[in-house]
Structure formats: structure tokens, C-alpha cells
K.L.:
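Below you'll find the structure I mean.
Side chains are part of it too, since the values below use all heavy atoms of this structure and drop only hydrogens, waters and symmetry mates.
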Amino acid sequence: MRRNTLMEWNSKDSWKVFLLLSIIFVVFSGLFNHTVWTPDEPRVVAVIKDMYLSDNLIIPHFAGIPFVEKPPLYFIYCVSLMHLTGLDALMAARLGLGLLCLASLVVTFRLAWLLKGKEYAWLTLGVLASSEGFLLNFHWLRVDAMMMFTSIVAIWAFAEAYLRFQLRYVLLAGALTGLAFLSKGPIAIILCVGPAWLVLFIRYVYLRQRGAHQSVTWGRVLFFHMMGFIIMCLVIAAWVYPFYKQASPALWHAWFWDNQIGRLTGSSTKTLGHNHQGKPFYYVSSIIEYTLPWSVFFIIGLASSVKRAVTRHQVNWLDGFFLFWFCFAVFILSYSATKRPMYLAPLMPLFALMIASALMTLKGRWSDWYRRAFLVMMIVIIAVFAMTPLWAQLLPSNKVPQALMLWLSSWQVTALWVLFAIILMIKVEVTQWPAWTKLSLISSLFFIAIFHHVFIAVDIAKDMRHDLNTFVKQIPQDKRERTAGIGFSETMSSIFYLYDDWSVPMVDKARAQRILEGKDSEYDYLILDRTGSTQDPIRYMGLPSDTPYHLLLIGHPRSDKKRSAILWLTGDENKTLPMVEVSENTVKQPAKAN
């Protein structure tokens with residue numbers, strides 16, 4: 001029986017052109033065709049907007065609220081793009097994502113070339129550019145994109161220094177490691193740069209012992225590393241020191257102890273959320289999802305490396321490098337009390353390197369059947385989404401937002417993207433290109449179709465602009481100055497600031513009661529963010545049942561969450577307005593003030 005290898009290269013390299021084109025298209029597809037999405041994008045864009053307007057590059061804010069969970073490198077980067085391009089905060093941030101994505105691919109390609117040569121580099125590029133976790137995290141506005149880029153570029157610099165014996169790259173690596181810290185804190189060094197540096201340095205020592213690069217003395221090696229360390233510290237201190245000087249003790253504690261230490265130990269998860277303490281296998285399903293459609297190859301390659309290590313068969317240094325980095329990073333992530341699938345994002349280049357390494361050794365026709373099965377599955381999925389008018393009526397109308405149901409029930413022009421993608425996917429399958437190239441291109445076409453067509457439906461469900469604008473228009477301008485907020489999530493504070501330039505001041509429960517009782521000198525009205533509940537507002541806020549209130553306005557900016565609402569209240573009968581409800585994109589006449 002003929003043996004088929006995934007690394008069977010055709011003499012014609014035309015597939016490289018199509019691979020590069022597919023990468024460009026998939027990176028920028030779906031970036032600019034939607035508004036901000038929960039849970040993270042509203043806050044990120046609000047921070048960028050505030051930083052642009054205030055020129056405060058040290059302590060990020062959104063809607064007047066300090067945001068110190070992460071250092072500000074990503075926000076500064078986006079603000080710089082706003083100044084360079086004239087784009088608004090949202091578009092500049094999305095452009096920044098695309099540029100970071102391309103840069104990460106280029107750097108990972110070069111790193112793979114250093115590790116195992118040209119063919120391995122192309123294979124790694126194709127895998128990474130078509131992996132679900134990589135594309136997802138570069139199509140969602142989060143600081144993890146900057147962490148992914150700065151981490152892999154720092155590792156590349158160390159690889160240049162140790163594998164090509166160009167020690168001057170250690171200085172660059174020091175600066176880049178500092179930037180990795182400024183992207184999300186010390187976790188970038190702990191998860192990525194640190195373990196990769198350790199193995200690469202050990203490899204450098206081993207090569208010197210074998211006679212390589214002995215013309216450079218150990219004293220000179222030590223000098224470069226000391227200088228690199230100093231540069232790293234200076235880059236980190238460029239933000240940490242002014243932050244320490246400007247921030248209050250509470251803000252410093254929130255950044256360092258709550259977000260760096262507390263997330264690991266679980267001491268701050270009650271306020272920061274995402275507590276999954278005691279779940280050591282939390283990331284198993286996320287790793288499988290993030291490595292799609294290459295998950296099978298990832299599992300086989302990982303299992304083979306573990307088996308060789310356990311049975312003490314010969315394990316080359318590269319397998320040991322990947323295995324150590326993977327096990328160390330996953331252990332840290334699994335030990336931490338705070339867990340989210342997105343925390344795997346900076347490990348996507350590692351996953352691609354591991355998958356590419358496995359693909360170079362795997363043989364057999366089963367891989368063809370695997371690819372064809374994925375082709376069929378992807379075609380079915382995007383075809384089902386393209387033909388929503390045929391089955392949309394089967395959905396429960398009471399659970400689907402009205403605007404989304406209208407979209408699902410109508411034929412959309414963007415469905416032509418799906419048809420075009422299906423034709424190209426079939427065309428790719430019948431070419432004589434390498435097997436892995438086919439899977440990469442087919443997956444890219446699948447994601448392009450999803451980003452162009454399905455993202456519009458997601459945006460309709462998540463868009464908060466229209467209903468929030470309608471809600472705010474019901475509140476007379478003079479009443480807004482006398483209105484405070486309570487229970488606002490970061491998302492709610494952000495969208496008020498983004499869409500209506502209103503930084504709603506927050507009050508605690510005790511002051512909210514004074515406002516409703518008419519005993520507050522500054523505020524007469526209250527906006528309550530009632531999330532996931534239909535409770536009476538007084539009971540929801542935990543106030544005494546005899547607290548007076550009058551409901552003036554109800555809004556539902558999050559149409560994808562039926563039970564959530566924002567309520568405008570007052571306790572003074574003399575300040576009441578006719579009650580108005582804004583729901584399901586329905587615009588009613590504004591209430592007139594008495």
C-alpha cells in the first residue's frame with residue numbers, strides 16, 4: 001500500500017502564494033464589520049478612548065474608573081495608532097490586532113526556521129494561521145494579543161542569540177522581555193519567556209561544550225546577559241516606577257497583590273471573578289478547541305513525546321524543549337485559581353510548533369480521511385448558517401432577540417461568501433498540493449466565511465449601541481447631572497462612556513438609599529444595572545423594603561440577555577416622569593420633564 005506523508009512536497013511552490021494570500025484574508029476578515037462585544041471589548045475600547053483624550057499613559061481609566069488589572073502597553077500601542085491614522089478607538093484597536101497577528105506569524109515563522117529549517121517553518125506558519133485559538137484571540141479586543149506577540153518575539157531573539165551565536169540579540173531579548181511584562185505583567189515571563197529562555201540557554205551551553213562558539217569568553221557571555229537583564233529592568237521600570245509614584249496605595253495593592261498574586265492563590269477571585277479553583281483539568285477541553293482543526297495531530301505528538309520521555313527512549317532537545325515549556329505553562333495555568341480559555345492564547349505559537357513537529361513524522365492515508373472529514377463538517381456548518389431562513393422559525397422566538405430573528409429569517413448577501421468559500425474549499429481539496437497545505441487553506445476559508453457572514457448575526461445579538469442611545473435620550477440633560485449609578489458592571493460603565501460620553505458616577509448601597517430617600521445633596525436619580533434578574537429593584541440592591549422608589553425608565557441594551565435591564569429610579573414623587581420602557585429596538589417618544 002502506498003505510504004502518504006503529510007510532508008510530501010510538490011515541485012511547484014504555487015501553494016505558498018495561496019497560503020500567504022489566505023493568511024492576509026483570514027487575519028483581516030471580520031475585524032471591522034462589528035461593534036464592541038462583551039465581555040472584554042467594551043472595557044478595552046473605553047480605556048483606549050480615555051487614554052487618547054487624557055494623554056494619561058500611566059494609569060489607564062475607563063469612564064473615570066481606574067483599570068489596573070494589566071499594564072498599559074496594548075492601550076498605548078492603540079493610542080499611538082489613533083494618532084498615526086486618525087482612526088477612532090475601536091477601529092485603531094482592530095487595526096492593531098491585525099498588525100500584531102501578522103507580526104506574530106512572521107516571528108513564529110522565523111523561530112521555526114531557526115529550530116528545524118525551512119520546511120518546518122512553512123508548516124508551522126500554516127498550522128498557526130489556521131488554528132481556532134490563534135484566530136479567535138486576534139479577532140477579539142483583549143490585551144492577550146500583545147502578550148502573545150511580545151512573548152514570541154522575545155523568545156525569537158533568544159533563539160537568534162543562542163542558536164546562531166549572535167549574543168547581541170540578548171540585549172534585544174532583554175528589551176522585548178520587558179515589553180512582555182508590560183503587556184500583562186509577570187505572567188508573560190513565567191508562562192512563555194522564562195521556560196523558553198531556560199531551555200535555549202541550556203542548549204547554548206551544550207553547544208559550547210561541543211566546541212561551538214568558544215572564541216567568545218564566558219566573561220563576555222556574562223556581560224551580555226547582565227546588560228540584557230538591566231535593559232529588561234529599565235523597560236519594566238519605565239512604567240512600574242511612575243505608576244508606583246502616582247497610584248494610591250489601594251491602586252498599587254489592586255495591581256500587584258490582587259491581580260498578580262491574588263489571581264494565582266484565589267484570594268481575589270471573589271471580586272475579580274473566573275474562580276475555578278480545584279479544577280486541575282480545566283484546560284483540557286480548551287486546548288483541544290484552541291488547536292482545532294489540528295487537535296488530533298497535537299494529541300498524537302504530545303503523547304509520543306511523553307512516551308519517549310517516560311520510556312527513556314532517545315528524545316531530541318527540541319522535543320524536550322516543547323515538552324518542558326508545555327508542561328510548565330499548563331501546570332501554572334492549572335494551579336492558578338483564576339482560569340479562562342483565553343489564558344492559553346500566548347501558548348498558541350508553542351502549540352503550532354508542536355503540531356508541526358508531529359506532522360513531519362506522521363505517515364499514512366488516515367490523515368487524508370481526517371482532512372476530508374473536516375472538509376465535509378466545515379461545509380455543512382457554514383452551509384447551515386447560510387440557509388438560516390429555512391430553519392430560523394424553529395428557534396424559540398421568546399429567547400432570540402427580535403432583530404436577530406429578523407436577520408435569521410431573511411436571505412443575506414453575505415451568504416454569497418459562504419458559497420464562494422465552499423467552491424474554493426472543494427477546489428483546494430482536488431489539487432496536488434501537500435496534504436497539510438490543503439487542511440490549512442480549507443480551514444482558513446472556513447474561518448473567512450464565518451467572519452464575514454456569521455459575525456454579522458453575532459453583532460446583532462451583542463450590539464448595545466442603539467438601545468443604550470435610546471435609553472439615554474429619554475433622560476433630560478439636566479437630570480443626568482443629578483444621576484448616579486449602582487451595580488454597574490465594567491461592561492455597562494464602558495458602554496455609557498463609549499456610546500454617550502457619559503461617565504456615570506458610582507455609589508455604594510448606603511448612598512443609594514440616601515438618594516432614594518431624598519437625603520443626598522448631589523444626586524436625585526439612580527441608574528441600576530440589574531443583571532440576570534427580574535427582581536424588584538429595591539430587593540435586588542439589598543435595601544430595606546420600605547425604601548421609596550419610582551421607576552422612570554427601563555432599558556435593555558443587552559438584547560442577548562433577556563433577564564438583564566437597566567433601570568432609572570428616583571425616590572422623590574416631585575421629580576417623577578412618565579415611565580418609559582425601551583426594549584427590542586423599539587423607539588418610543590421621550591418623556592417630557594415636569
K.L.:
Shortest non-hydrogen contact from Leu176 to Ala157?
P.N.:
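Nearest heavy atoms, Leu176 then Ala157: CD1-CB, 4.0 Å.
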
K.L.:
Output the distance between atom OG (Ser151) and atom CD1 (Ile187), rounded to the nearest 0.5 Å.
P.N.:
10.0 Å

K.L.:
Could you tell me whether the side chain of Ser440 and the main chain of Gly126 form a donor-acceptor pair under 3.5 Å?
P.N.:
yes

K.L.:
Under the side-chain hydrogen bond (donor to acceptor under 3.5 Å, both in side chains) criterion, do Lys462 and Thr38 qualify, and how do the steps go?
P.N.:
CA-CA 7 Å; Lys462 286 183 170 289; Thr38 56; 3.1 Å; yes

K.L.:
Determine whether a donor-acceptor pair (N or O, by modelled atom type, separation under 3.5 Å) exists between the side chain of Asp144 and the backbone of Met147.
P.N.:
no

K.L.:
Looking at every non-hydrogen atom in both residues, tell me the closest pair between Gly98 and Phe28 and how far apart they are.
P.N.:
CA-CE2, 3.9 Å

K.L.:
Looking at Ala188 and Ala180, what are the two nearest heavy atoms and their distance?
P.N.:
CB-O, 3.3 Å

K.L.:
Would a distance-only check, ignoring hydrogens and angles, find a side-chain to backbone donor-acceptor pair under 3.5 Å from Gln412 to Trp407?
P.N.:
yes

K.L.:
Tell me which pairs pass ring-ring contact (aromatic ring centres under 6.0 Å, His included) where either residue lies in residues 369-399, with sequence neighbours left out.
P.N.:
Phe297-Tyr370, Tyr370-Phe374

K.L.:
Using only atom types and a distance under 3.5 Å, with no angle test, would you say the side chain of His453 pairs donor to acceptor with the backbone of Ile448?
P.N.:
no

K.L.:
Are any of the side-chain heavy atoms of Trp411 and Met387 separated by less than 4.5 Å?
P.N.:
yes

K.L.:
Output, in order, the C-alpha distance, side-chain angles, deciding distance and verdict of salt bridge (Lys or Arg N to Asp or Glu O under 4.0 Å) for Glu160 and Arg110.
P.N.:
CA-CA 10 Å; Glu160 293 280 359; Arg110 174 58 182 170; 2.8 Å; yes

K.L.:
Whether the side chain of Ser295 engages the backbone of Leu292 through a donor-acceptor N/O pair (distance < 3.5 Å, no angle test) should be reported.
P.N.:
yes

K.L.:
Got a sec: does the CZ of Phe455 have more than 12 other heavy atoms crowding it under 6.0 Å?
P.N.:
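Yes, CZ of Phe455 has more than 12 neighbouring heavy atoms, counting only those of other groups under 6.0 Å.
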
K.L.:
Nearest 0.5 Å, please: how far is CG in Leu31 from CG in Leu141?
P.N.:
8.5 Å

K.L.:
For the pair Met360 and Leu123, evaluate side-chain contact (heavy atoms from CB on, under 4.5 Å) and give the outcome as yes or no after the intermediate values.
P.N.:
CA-CA 9 Å; Met360 293 187 73; Leu123 184 50; 3.7 Å; yes

K.L.:
Is a donor on one side and an acceptor on the other found under 3.5 Å between the side chain of Thr437 and the backbone of Trp15?
P.N.:
no

K.L.:
Can you find a heavy atom in the side chain of Phe322 that is under 4.5 Å from one in the side chain of Ser357?
P.N.:
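The answer is yes; the side chains approach within 4.5 Å.
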
K.L.:
Rounded to the nearest 0.5 Å, how far apart are OG1 of Thr35 and CG of Asp463?
P.N.:
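Reported to 0.5 Å precision, the distance equals 4.0 Å.
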
K.L.:
Can you check whether Ser334's main-chain N or O pairs, donor with acceptor, with Tyr283's side chain at less than 3.5 Å?
P.N.:
no

K.L.:
Would you say the rings of Phe351 and Tyr290 are close, in the sense that their centroids are separated by under 6.0 Å?
P.N.:
no

K.L.:
So, Trp436 side chain and Thr124 main chain: donor-acceptor pair closer than 3.5 Å or not?
P.N.:
no

K.L.:
Among side-chain atoms of Trp294 and Ser130, is any donor-acceptor pair under 3.5 angstrom?
P.N.:
yes

K.L.:
Test salt bridge (Lys or Arg N to Asp or Glu O under 4.0 Å) on Glu41 and Arg94 and set out the steps.
P.N.:
CA-CA 10 Å; Glu41 289 195 340; Arg94 295 208 187 281; 3.0 Å; yes

K.L.:
Is the closest side-chain heavy-atom distance between Thr291 and Glu132 below 4.5 Å?
P.N.:
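Contact flag for Thr291/Glu132 side chains = no.
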
K.L.:
I'd like to know whether Leu125 forms a side-chain contact (heavy atoms from CB on, under 4.5 Å) with Leu20, so could you lay out the CA-CA distance, the side-chain angles of the two residues, the decisive distance to 0.1 Å, and finally the verdict.
P.N.:
CA-CA 9 Å; Leu125 178 68; Leu20 294 176; 4.2 Å; yes

K.L.:
Looking only at non-hydrogen atoms, find the nearest pair between Leu200 and Ala159 and report the distance.
P.N.:
CD1-N, 3.9 Å

K.L.:
Kindly indicate, with the supporting measurements, whether the criterion side-chain contact (heavy atoms from CB on, under 4.5 Å) is fulfilled by Trp417 and Phe451.
P.N.:
CA-CA 10 Å; Trp417 278 104; Phe451 295 157; over 6 Å; no

K.L.:
Answer yes or no: is there a side-chain heavy-atom contact under 4.5 Å between Phe446 and Ile450?
P.N.:
yes

K.L.:
Considering only heavy atoms from C-beta outward, does the side chain of Ile423 approach that of Lys427 to under 4.5 Å?
P.N.:
no

K.L.:
Quick check on Phe32: does its CZ atom have over 12 non-hydrogen neighbours (other residues, nucleotides or ligands) under 6.0 Å away?
P.N.:
yes

K.L.:
Tell me every residue that passes salt bridge (charged side-chain N to carboxylate O under 4.0 Å, His left out) with Asp40, counting only those two or more places apart in sequence or in another chain.
P.N.:
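If we apply the salt bridge (charged side-chain N to carboxylate O under 4.0 Å, His left out) test to Asp40, skipping adjacent residues, the hits are Arg43, Arg142, Arg340.
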
K.L.:
Suppose we call two aromatic rings close when their centres sit under 6.0 Å apart. Are Phe331 and Phe326 close by that rule?
P.N.:
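No.
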
K.L.:
Look only at the side chain of Asp529 and the backbone of Ser489, and say whether a donor-acceptor pair between them is shorter than 3.5 Å.
P.N.:
yes

K.L.:
Nearest 0.5 angstrom please: Leu163 CG to Leu114 CG, how far?
P.N.:
6.0 Å

K.L.:
Taking the side chain as every heavy atom from C-beta outward, state whether Leu135 and Ser131 have any pair of such atoms under 4.5 Å apart.
P.N.:
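The answer is no; the side chains never approach within 4.5 Å.
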
K.L.:
About how many Å separate CD of Glu289 and CD1 of Ile287, when rounded to the nearest 0.5 Å?
P.N.:
11.5 Å

K.L.:
For Ala196 versus Phe321, what's the shortest heavy-atom pair and its separation?
P.N.:
CA-CE1, 3.6 Å

K.L.:
I'd like to know whether Met91 forms a side-chain contact (heavy atoms from CB on, under 4.5 Å) with Asp88, so could you lay out the CA-CA distance, the side-chain angles of the two residues, the decisive distance to 0.1 Å, and finally the verdict.
P.N.:
CA-CA 6 Å; Met91 291 297 103; Asp88 62 20; 3.3 Å; yes

K.L.:
Find out whether Arg465 and Asn469 are in side-chain contact, i.e. whether some heavy atom of one side chain is under 4.5 Å from a heavy atom of the other.
P.N.:
yes

K.L.:
Enter the distance from Leu105:CG to Ile152:CD1 here, rounded to the nearest 0.5 Å.
P.N.:
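Between atom CG of Leu105 and atom CD1 of Ile152 there are 10.5 Å.
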
K.L.:
Do Pro293 and Leu439 come within less than 4.5 Å of each other through their side chains, counting heavy atoms only?
P.N.:
yes

K.L.:
Without swapping roles, check the side chain of Lys339 against the backbone of Ser336 for a donor-acceptor pair under 3.5 Å.
P.N.:
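Yes; at least one donor-acceptor contact below 3.5 Å.
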
K.L.:
Which pair of heavy atoms, one from Val153 and one from Val107, lies closest together, and at what distance?
P.N.:
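Minimum heavy-atom separation between Val153 and Val107: CA-CG1, 3.6 Å.
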
